[in-house]
J.: 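Just passing along the structure, written as structure tokens.
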There are 2 protein chains.
Amino acid sequence: MAVGLKAFPNIPEIDGVKIGVAEAGIKRPNKKDVVVFELCEGASVVGVFTQNVFCAAPVRLCQKHLALTDARYLLINTGNANAGTGKSGVMNALETCRVLADQAGVPVEAILPFSTGVIGEPLPVDKIVAAIPSALDDLSADDWQSAGVGIMTTDTLPKGSFRTFEFEGQTFTVGGISKGAGMIRPNMATMLGYVFSDIAIEKSVLHAVLKEVVNKSFNRITIDGDTSTNDSCIAVATGKAGNELITSVDSPLAKAFVSAFTEVMQELAHAIVRDGEGATKFVTVEVVGAAKLSDATKTAFEVAHSPLVKTALFASDPNWGRILAVVGRSGVEELDVDKVQLHINGFEIVRDGGRSPGYIEEHGQEAMSPEEIHIVIDLGAGEASDTVWTTDFSHEYVTINAEYRT
Amino acid sequence: MAVGLKAFPNIPEIDGVKIGVAEAGIKRPNKKDVVVFELCEGASVVGVFTQNVFCAAPVRLCQKHLALTDARYLLINTGNANAGTGKSGVMNALETCRVLADQAGVPVEAILPFSTGVIGEPLPVDKIVAAIPSALDDLSADDWQSAGVGIMTTDTLPKGSFRTFEFEGQTFTVGGISKGAGMIRPNMATMLGYVFSDIAIEKSVLHAVLKEVVNKSFNRITIDGDTSTNDSCIAVATGKAGNELITSVDSPLAKAFVSAFTEVMQELAHAIVRDGEGATKFVTVEVVGAAKLSDATKTAFEVAHSPLVKTALFASDPNWGRILAVVGRSGVEELDVDKVQLHINGFEIVRDGGRSPGYIEEHGQEAMSPEEIHIVIDLGAGEASDTVWTTDFSHEYVTINAEYRT
């Protein structure tokens, strides 16, 4: 059902990063479900994580380890989220880190653990531990696609993106993978996203870039409004490109990097929406003319979350009254409804708060029929704007989520 | 698909209230779609209305008329919401009021108009105006069921409730009707609710009672989180019972009235949930042990709105991790996840933030299988509590809302 999701791209090697994948039997027999990233010494590694208070055990441990030392390995399992598992969940995550640390010859704090899958079940530590040697044996520089497959849950396709850019004759690479299809309304990070570059950049600068760019990518997508307990997004810069270390976001090279990094992050975020559970539409909700950014953001999210709007999108039904109704309840202060305009895929639907004089039902149907829908809501109040990406709400969404554990 | 919705009750006559119903051909031919309530002179009439800024034309006019004079007629049409219709919508609503006022011999301000149905289409004024004489001819004291049917949209059954109570040898009656099945997350009032009594009570006191009770009934139900543009709830007290006028909520008679009024309002509100679009479950979400009321209210609503929780309810799947995930993202400050408890239909599922030691999957399945589900979430932080009623999220919900206009 994925909407316009391209085949997994041919991501080049990124010097300083190696990938190992194994089949631990957590998901189902003969499925890739454990992924290890090996990072070179001296890499800058930073992360942003879910704001859900019920954050999963690996998220807690990840944050602790990141604060203690430089990360050398990312250890990811799918099939089990190790969330809602209390103190034993943290002990279990720590045990998998300890085993990998011993075999790799690094301190346990140099391992960052990640889990995704069913909530509330104990982590199958034995299966993960048993798979670690084969993941390490498998380490290579270019098996991005297997890593993309190895972190999937209800995703129908693996998700990857990369950009290369030139700066003063030198080529830099930014590439990564993501996963997620449901329980998607990230708040500071996505389900799981990993972006790597060979650039040399100071850890604090990379962290600032990540926090800024996540707000234009993973934090602006929503499928069902449910923030996951496991959202994690990691950025790694190995420094192997050998450029002079970036110490500020204002340098020309930093700007070129941020541009490529943003494109990769947005493509990975959009891929999650395109593969959203039951998605038949890829929907861009753009709110312009807001008095302030928070008005634009909340209106865009309210429209993107409305079950009535989403079912109308599924039906390709130009039931624009539902969109107006959401704008009216979205909590924008001093909203002047007589100034609201609505365009869908370029067709003017609403002018001055009511049906546009030139609007005919056929325009609405033509606007709503493509797979890619661009809704533009003008609040007529100022200069602020924001954009959120989402999906429609289909029978398939209900089927997937009613039968997730069966 | 209605869940445990009883047959329309045999509401007795309420002295001072007459009901007329007509077929205007707005919905479909030969369907009741215009309802007129005639109220005696001197009745106290008060209302609460949608907080949606895009409130419908009749809502604006209703509020204006209520402020100007005592209402003598309620004029309700279904099939068209007269919302998103700009200034011409208000002129159209006013025209229907004017025709009824002329024929009834009352000032136009004594007419309160209400509309429900499709948003964004012009009100079919001619059809409504043509039906007014037959609605007036039809006026009688006891045709509550026809009124219940005449205000339905996607409702599968008409909704009514009544209570009688004795006070110092005298019998008082409270009775009413409601409608609504989708776009239901009332904010100060329901789609449409009308409650009548023969009691004598001062208008300001009745208004205070209505505002209080609506927060324990219509403002605590949600089907899809979408606040309608047309929500209106009207309370009428005719005074025909002849009791000494109630001038304070503290009198013993006032307390007896509030008790009966609350029961009727809750039954009408629950009926909307039981008939919720595609509903297969009637779900009570009770949050206890909150540090403050707003924590309890927002947590209950977040759980009630979560598509993942609602699809799990549809599947009778004890996927309690989804409930914990919502509690964790609901924005409760200083939530201590290790103190959270969860019971479903009396089964202890979560203790101290993790799976209860005695929990087995069979308990979860037994807890989730009935049509009536009572979820109790204890935040372990204080004494505040609140309750919200909702439905599950089924294939039928998607079908109804994807095909609403076809």
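These numbers come from a predicted model, not from an experiment. Proteins come first, then strands; the chains are lettered A, B, ... in the order of their sequence lines, and each starts at number 1. Only heavy atoms go into these numbers, but all of them, side chains included; no hydrogens, no water, no symmetry mates.
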J.: Looking only at heavy atoms and a cut-off of under 4.5 Å, which of C55(B), G328(B), G353(B), S330(B) has the most pairs with chain A?
T.: G328(B)

J.: Decide if atom NZ of K87(B) counts as having more than 12 heavy atoms of other residues, nucleotides or ligands within a radius under 6.0 Å.
T.: no

J.: When you compare the side chain of W320(A) with that of Y359(A), does any pair of heavy atoms fall below 4.5 Å?
T.: yes

J.: For V350(B), is it the side chain, the backbone, both or neither that has a heavy atom under 4.5 Å from a heavy atom of chain A?
T.: neither

J.: Test your reading of the model: is there a side-chain donor-acceptor pair from N92(A) to the backbone of P124(A), 3.5 Å cut-off?
T.: no

J.: For the candidates S88(B), S306(B), S316(B), A312(B), which exhibits the highest count of non-hydrogen atom pairs separated by less than 4.5 Å from chain A?
T.: S306(B)

J.: Which atoms of F393(B) come close to chain A, meaning under 4.5 Å heavy atom to heavy atom: side chain ones, backbone ones, both, or neither?
T.: both

J.: Among G89(A), A56(A), G84(A), G86(A), single out the residue with the greatest number of heavy-atom pairs under 4.5 Å to chain B.
T.: G84(A)

J.: Under a 4.5 Å cut-off applied to non-hydrogen side-chain atoms, are E396(B) and T280(B) in contact?
T.: no

J.: If you count every heavy atom of other residues, nucleotides or ligands that lies below 6.0 Å from K292(A) atom NZ, does the total exceed 12?
T.: yes

